[in-house]
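Accompanying notes for the structure given below.
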10 protein chains.
Amino acid sequence: MSLINTQVQPFKTQAFHNGKFITVTEESLKGKWSVLIFMPAAFTFNCPTEIEDAADNYAAFQAAGAEVYIVTTDTHFSHKVWHETSPAVGKAKFPLVGDPAHVLSKAFDVLIPEDGLAYRGTFVINPDGVIKTAEIHSNEIARDVAETLRKLKAAQYTAANPGQVCPAKWKEGAKTLTPSLDLVGKI
Amino acid sequence: MSLINTQVQPFKTQAFHNGKFITVTEESLKGKWSVLIFMPAAFTFNCPTEIEDAADNYAAFQAAGAEVYIVTTDTHFSHKVWHETSPAVGKAKFPLVGDPAHVLSKAFDVLIPEDGLAYRGTFVINPDGVIKTAEIHSNEIARDVAETLRKLKAAQYTAANPGQVCPAKWKEGAKTLTPSLDLVGKI
Amino acid sequence: MSLINTQVQPFKTQAFHNGKFITVTEESLKGKWSVLIFMPAAFTFNCPTEIEDAADNYAAFQAAGAEVYIVTTDTHFSHKVWHETSPAVGKAKFPLVGDPAHVLSKAFDVLIPEDGLAYRGTFVINPDGVIKTAEIHSNEIARDVAETLRKLKAAQYTAANPGQVCPAKWKEGAKTLTPSLDLVGKI
Amino acid sequence: MSLINTQVQPFKTQAFHNGKFITVTEESLKGKWSVLIFMPAAFTFNCPTEIEDAADNYAAFQAAGAEVYIVTTDTHFSHKVWHETSPAVGKAKFPLVGDPAHVLSKAFDVLIPEDGLAYRGTFVINPDGVIKTAEIHSNEIARDVAETLRKLKAAQYTAANPGQVCPAKWKEGAKTLTPSLDLVGKI
Amino acid sequence: MSLINTQVQPFKTQAFHNGKFITVTEESLKGKWSVLIFMPAAFTFNCPTEIEDAADNYAAFQAAGAEVYIVTTDTHFSHKVWHETSPAVGKAKFPLVGDPAHVLSKAFDVLIPEDGLAYRGTFVINPDGVIKTAEIHSNEIARDVAETLRKLKAAQYTAANPGQVCPAKWKEGAKTLTPSLDLVGKI
Amino acid sequence: MSLINTQVQPFKTQAFHNGKFITVTEESLKGKWSVLIFMPAAFTFNCPTEIEDAADNYAAFQAAGAEVYIVTTDTHFSHKVWHETSPAVGKAKFPLVGDPAHVLSKAFDVLIPEDGLAYRGTFVINPDGVIKTAEIHSNEIARDVAETLRKLKAAQYTAANPGQVCPAKWKEGAKTLTPSLDLVGKI
Amino acid sequence: MSLINTQVQPFKTQAFHNGKFITVTEESLKGKWSVLIFMPAAFTFNCPTEIEDAADNYAAFQAAGAEVYIVTTDTHFSHKVWHETSPAVGKAKFPLVGDPAHVLSKAFDVLIPEDGLAYRGTFVINPDGVIKTAEIHSNEIARDVAETLRKLKAAQYTAANPGQVCPAKWKEGAKTLTPSLDLVGKI
Amino acid sequence: MSLINTQVQPFKTQAFHNGKFITVTEESLKGKWSVLIFMPAAFTFNCPTEIEDAADNYAAFQAAGAEVYIVTTDTHFSHKVWHETSPAVGKAKFPLVGDPAHVLSKAFDVLIPEDGLAYRGTFVINPDGVIKTAEIHSNEIARDVAETLRKLKAAQYTAANPGQVCPAKWKEGAKTLTPSLDLVGKI
Amino acid sequence: MSLINTQVQPFKTQAFHNGKFITVTEESLKGKWSVLIFMPAAFTFNCPTEIEDAADNYAAFQAAGAEVYIVTTDTHFSHKVWHETSPAVGKAKFPLVGDPAHVLSKAFDVLIPEDGLAYRGTFVINPDGVIKTAEIHSNEIARDVAETLRKLKAAQYTAANPGQVCPAKWKEGAKTLTPSLDLVGKI
Amino acid sequence: MSLINTQVQPFKTQAFHNGKFITVTEESLKGKWSVLIFMPAAFTFNCPTEIEDAADNYAAFQAAGAEVYIVTTDTHFSHKVWHETSPAVGKAKFPLVGDPAHVLSKAFDVLIPEDGLAYRGTFVINPDGVIKTAEIHSNEIARDVAETLRKLKAAQYTAANPGQVCPAKWKEGAKTLTPSLDLVGKI
């Protein structure tokens, strides 16, 4: 069954965040919008560029009231060292979440079992812990955080305006559609 | 298990394409790149805008040697009428695929069983029939075809250049990374 | 086991009726007689002629206190467009019921699983939601609504007159039989 | 699963036919069109009227190259006596088939298990032993053989003219439809 | 396990008795002695002679306070006609029980499943509904009611005289044996 | 399932016969007619009278080409002593079969498990080892060997004259019936 | 699992004892010591000599407060006759227990299923119904009651003197051992 | 099922015998008679007295062509020390078999699972590896080797003289019985 | 699953300790630290040297508040004799635990099932009955008690100082580490 | 079942070794002795001290012809960075093996499933891939490589001298024992 519109499953793990180790659970995701960004492994090639991309857009995510979480199957110990040694990763002000027990990677169906690593998966989650969008890439293909931000905004807009839907390539401020009987078969 | 890097499962269905009814199977997807775009239902609200967005970018997909397939759980009969009656859908020069038996929607894990409709799912598939990227939205949130085109290009580039990976927000022509021992822990 | 004399199973779906979208459930069928008419697909060949046949006889069904429901595995969106674009279907003043989730088609055992379409099935249902007659055709063979009306009348007459049975080709007003010991072996 | 377009299951039973006892099997049904008419019980009320109705139309069935079979869960012994003692049944020139072992009644899904009797079921079967139409009534509601004859003719016509379909209430000689892309959404 | 000394299982069926249709259940058998006589089929060869034999001895059964039940897998409708048309069966003043649902025939283990008919079985049942004797023949071999009457009398005598047993070929009025330690090994 | 018209199951046991111990198996029963007479226990009350009754009729059984077998769950050792000590049993010239392993008693469904004894069961078996009649009594009710002889004769007659059936209370020399279509419903 | 030190399982059977038939159950064995002596069959060869041996020693068993039970799979009827006809068995003043239902023979694991007879088994049972010794022979090898008496005495002595054990070939009056730490490794 | 007349199951273990460690298997028991004597534990109380008893009779066992095996769940290492330190056990010239893996104790059904020790069991086994007698005591009750020798002799005699059986308390040289029909019921 | 940090499973067995037999259970291990030392068998080769090694270090274990338990699958009887006859084992002042029922050997996963003996396993257990270290050798490789003592001390130190960990080859009195965020990636 | 004396299960993973990434499988372990040292996580507290301890003793392991493998559930990428950034780990000249898929940690039963980390486990493996010793600690208790070296030497010595065993705390050059019957019970 699709993960879309389902609750995030329970989990409990450790993250490195702003110089501290913190515990993150499915409850941590509630009360605000969350963006989960899975990556294959610390210290590798694309991952720092993707973290840097997220860091460069972090102000916009925060302005939208959303938290960003980077997740790999490494430990939070590795994440601390990664943060200290990588100039790109060092820019991250959001939690770097460790998933060595593979609980999160299985729950979001991004684990590659024979490698013990995750695919590049991005998930937008609403303040009730419900998954609204999913995006998963084979690991040689990186993502564009600008598109994630667009999805988040669209998800937030439609959540705030239940009677409307965002048309293709909608960007914040653009026109939306209000479904009605009259529109059926007319667009 | 994730669908990424797995073969498209066998299927056989009917589509409306350029004024004809054609049969589409998993074999039809082989030999060139394919982009499968699932939508919830013909004659509805966002769907025509998404089809129009795809139609506006179709030249670019063709230039990239890729075919586009729109899929809903409607019949190909409905797709013909939709094409005739919707100005937006009428622009489509690519196949409109019917999936009334839900075979494709289940195979790509986008079926909403209680509704008999699909989520908005986009899949980039390589010429061997292997799924390289997946993107699935709750139905009130539309997609941006420009991002799909970017993913396709990145997938094509890395397929053509096995030793390289595309960094975050890579666009055609941008620099790529060549993973090597020396880069580990250095980016 | 035969469906005859069993309760309609629970279902919930959307229909297009008199310019509106309405919800239809097994409860909607209670309190008056119902005639369910399954068809393979909107926008096809025989189906409009069968709907027109039903529409031409609708006054008689209403006079008999019965509602008519057309059911296909299309959506109610398709049904609205069908109603608008087909002169034959446009005559329909009864609900056009969508069954994209296949719940009704399975419950009445008319689904063709490999096609996701229904056989031509007609069911007369009494005000308690109990199925009294069933008629199913291979899809190339259309029905005659006059016969459905005859069955409805016979079902209503025998329901109203528990001690009587309708003989072969009984039509409203014709003589009925009252089973009795004396008649056994004498007809 | 629906019985429509499936093969008649194997069976072997005894019938009374033209003053003799004969064996009837699924092979007996092959090579010509068959009409199977189930009834609840010999010596009862509606059944003779239905047999008489069939007898009155038997010439037309024969002209159409079809055989008629009356089936009840009684023995062929009872059928002989019924034929001898009932003026209505005595008109029957077609086989009266006994099904005391309930094999046919189960195979056509018309058995009422707690009574050991069949529902009023009529089945048109093609010369390959494939069921094309089914009609089943609660036992207080009799059938009209004229409608069965119409179904048979329509089934024969479409079998002989594979590219055509019979529209609603089609009667022999009336116009048929040839499905084509152009007609989709146009009727 | 043997049926002897077990309770008759629950059943409910229709019988023709003295010009009426009556309901017979396992409770009908209680309060007096019963003799159940199964036969293969109405209107056949041996069966009327056996019914006539029972009818000729019916006064004796009644004098013994026992009821006689003839059972076939035919319907009660057939039994009425049989009673009317057969001079032999017409003598029967006891119930002719229909078992078209095969419930009684299975409960007494006399059903021939591939024929849907019963073997010739006779059972003497005491007023508590407990089976005391069983006799079953292949259908070409008829029974002798005089022997059934003898068994009934012996069963009644030993029921009334718990301390005694009837010796071989005991007939009413003959000497019985009172088992005692002294007789062990002495007869 | 009924034992009638089934093969005797394989068994192997010891019997006392004419001053010797012999082995009896299902093969011993083949090639001639057999009558198996089960009794509850050696040295008890009715049993010797029943054996005496069989002994008194033994010449008639032999004249009919049939062998008689008395069976109890006792050993053949007990049977030798019983034969020596009981004047009644001493008359037996047929085998007294021991069934201490309960194989025969279970195969003929006459075992009372909580007692380890058999009910009074009589079985007529044809030269192919097929059971043709069964008769079982609660143990306080003895049998009449004359009736067993009548059954044997009827079974032999119908075996020798396949086209005929013996009517009720048929005795050797009496008229039989030849089933034919004409007789159906006429007796 | 071994039967030693387990409770005798529930049973209920009939025995011949001092000219009467009595009921014996597992409760009959309680309150005093019991010796159960299984034998293959009444009227055979070794069995009478073993019973005579037991009879010759019965006074000693009684002096020891123990009852002796002879058990075979024969009935109590056979046991009465055996007692009357065998000079050896006639000496028995203890119960001759019938086990035709094989309950005891199975409970003590001495049944030969294919024969329905018991092995020669002897069991000493304490007043709580607990089995203390078991001895089982192939049937051609008889037992020596003197040894059974020795076992009984040793079982009684150790029951009465919980702190002591009887050394090899201990006979009544001989020295026993009191286990103690000091004796470990010293005998 | 009883162990009597079954084959010894396969086993492989170590024994101390005449100053050496040897391997003993089920094959070691073949070709001559064997006596297996289980005991609970080395270094305990009764066990040495029983071994001494066996040692004192060993010449007789050898004269009878039989080997004696003492078995405990101890190791062969313990058995060596036991032999060296116990004056009683030191007399043993037969193998002291270790069964620390409990294979033999389970195969002869003498294991006390919660203790890991064996009951006092004695088994006489013929040269084909078939168990002929079994004797098992609760551990506080010792055995008498003289009786084991008697059983062995009786087993050997009856094996050598298939037509004879040993009567109760038979000792070598005493009279035996030859079973015959004439003796049945006469002893 | 690993045994580390799990509770010792329930057991009950006998040991030889300071000239007495005592009962040892999982409760005996609670309230102080325990060291369980499994060995293959009493009276063998390495085992005494290992016991002597333990005995030589016993004062140190006692000073650390820990009890030492030697365990083999032998009985406590063998352990007493071993203690008396082996100069090395005679030094042992700690319990020699018998495990003939294999309960402990299975619970600590050191049983060699085909031999019924244990591997050389050493376990340090805390006063709550939780296993903190495990060490298991193939039996030809002996252990060094000095290392066991070091493990015990380290386990005790870290238990007493929850915030600290012992670095490699830590010995009592050496420096420990206090894990902290600052140390991550810095050692 | 214990892992001792079993084959290492198949695995395939990546390691960082002397500035390169290499593949390690169960075949890599064959042909020489191996020491597998599991640790919980890179960048933590005790682990570097243990690696340093191993590095300080690496010459001795190499002299003994053995390879050392450090294993954690981290990736080989993390191991490279760890080697570069930790002065202690930087001394390691042996492979640092990554086990992110948990295959090795499960195979050696050291995985803590809820953490995704390994316990401190050390295994000595012979050139045939057979595990000879195991040592597992709760993670707060570090190991002493000197003891691992002692075990390796003892394992090698006994492998090279099959007739000998190493006594307690054996160190290279010390005396060994040659098991013999004479030594049983004498040490």
Side-chain angles (χ1 to χ4, degrees), chain C residues 1-5 42-54 82 85-89 109-113 119 121 131-147 150-151 154-155 158-159 164-171 177-179 183-187, chain D residues 1-5 42-54 82 85-89 109-113 119 121 131-147 150-151 154-155 158-159 164-171 177-179 183-187:
Chain C
M1 218 186 70
S2 178
L3 289 170
I4 300 300
N5 289 327
F43 306 117
T44 53
F45 315 105
N46 264 358
C47 299
T49 71
E50 290 196 323
I51 292 180
E52 189 169 27
D53 191 15
W82 198 19
T85 57
S86 161
V89 176
D109 203 8
V110 293
L111 186 70
I112 313 171
Y119 279 119
I131 304 169
K132 299 306 291 183
T133 72
E135 182 182 33
I136 310 168
H137 288 199
S138 183
N139 281 331
E140 70 276 18
I141 307 167
R143 291 155 290 187
D144 183 345
V145 160
E147 169 66 6
R150 192 192 69 76
K151 286 184 216 280
T158 53
Q164 301 179 28
V165 296
C166 295
K169 60 186 173 172
W170 179 90
K171 289 230 165 63
L177 288 166
T178 304
L183 288 179
V184 171
K186 300 303 183 209
I187 309 178
Chain D
M1 216 187 71
S2 178
L3 289 170
I4 299 300
N5 288 325
F43 307 118
T44 53
F45 315 105
N46 265 356
C47 300
T49 72
E50 291 195 323
I51 292 179
E52 189 169 27
D53 191 15
W82 197 20
T85 58
S86 160
V89 176
D109 203 7
V110 294
L111 186 69
I112 313 171
Y119 279 118
I131 304 168
K132 299 306 290 183
T133 72
E135 182 182 34
I136 310 168
H137 288 199
S138 183
N139 281 332
E140 70 275 20
I141 307 168
R143 289 155 292 187
D144 182 345
V145 161
E147 169 66 8
R150 192 191 69 78
K151 286 185 218 279
T158 52
Q164 302 179 27
V165 297
C166 296
K169 59 185 174 172
W170 179 90
K171 289 227 166 63
L177 288 166
T178 304
L183 288 179
V184 170
K186 301 302 182 207
I187 308 177

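To find a chain, count down the sequence lines: A is the first, B the second, and so on, and within it residues start at 1. Basis for what follows: all heavy atoms, side chains included, without hydrogens, waters or symmetry-related copies.
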Notebook entry, point to check: What part of D/Glu50 lies closer than 4.5 angstrom to a heavy atom of chain C: side chain, backbone, both or neither?
Noted result: both
Next item on the list: May I ask you to name which of C/Ser86, C/Gly121, C/Ser138 has the most heavy-atom pairs under 4.5 Å with chain D?
Entry: C/Ser138
Margin query: With rounding to the nearest 0.5 angstrom, report the CH2 to CG distance, D/Trp170 to C/Asp144.
Written below: 12.0 Å
Notebook entry, point to check: At a heavy-atom separation under 4.5 Å, does D/Asp53 approach chain C through its side chain, its backbone, both, or neither?
Noted result: side chain
Next item on the list: Against chain C, label D/Thr44 side chain, backbone, both or neither, depending on which of its atoms sit under 4.5 Å from a heavy atom there.
Entry: backbone
Notebook entry, point to check: What are the two closest non-hydrogen atoms of C/Ala142 and D/Cys166, and how far apart are they?
Noted result: CB-O, 3.0 Å
Check: Under a 4.5 Å heavy-atom cutoff, which of D/Ala88, D/Pro48, D/Ala134 has the most pairs with chain C?
Finding: D/Ala134
Checklist line | Donor-acceptor contact present, side-chain D/Ser2 to main-chain C/Val110, <3.5 Å | finding: no
Check: Say you draw a straight line from CG of C/Asn139 to NZ of D/Lys132; how long is it, rounded to the nearest 0.5 Å?
Finding: 9.5 Å
Next item on the list: Answer with side chain, backbone, both or neither: which region of D/Leu177 has an atom nearer than 4.5 Å to a non-hydrogen atom of chain C?
Entry: side chain
Next item on the list: Report yes if the side chains of C/Ile187 and D/Glu52 come closer than 4.5 Å at any heavy-atom pair, otherwise no.
Entry: no
Notebook entry, point to check: Among C/Val145, C/Leu3, C/Asn5, who wins on heavy-atom pairs under 4.5 Å with chain D?
Noted result: C/Asn5
Item checked: Heavy-atom pair count under 4.5 Å with chain C, highest-scoring of D/Ile136, D/Thr178, D/Thr133 -> D/Ile136
Notebook entry, point to check: Counting N and O atoms only, with roles assigned by atom type, does the side chain of D/Thr49 sit under 3.5 Å from a partner on the main chain of C/Ala168, one being a donor and the other an acceptor?
Noted result: yes
Next item on the list: Would you mind checking which part of C/Lys151 comes under 4.5 Å of any heavy atom in chain D, side chain (CB onward), backbone (N, CA, C, O), both or neither?
Entry: both
Check: Taking all atoms of both residues into account, what is the closest heavy-atom pair of D/Pro167 and C/Asn46, and its distance?
Finding: CA-OD1, 3.2 Å
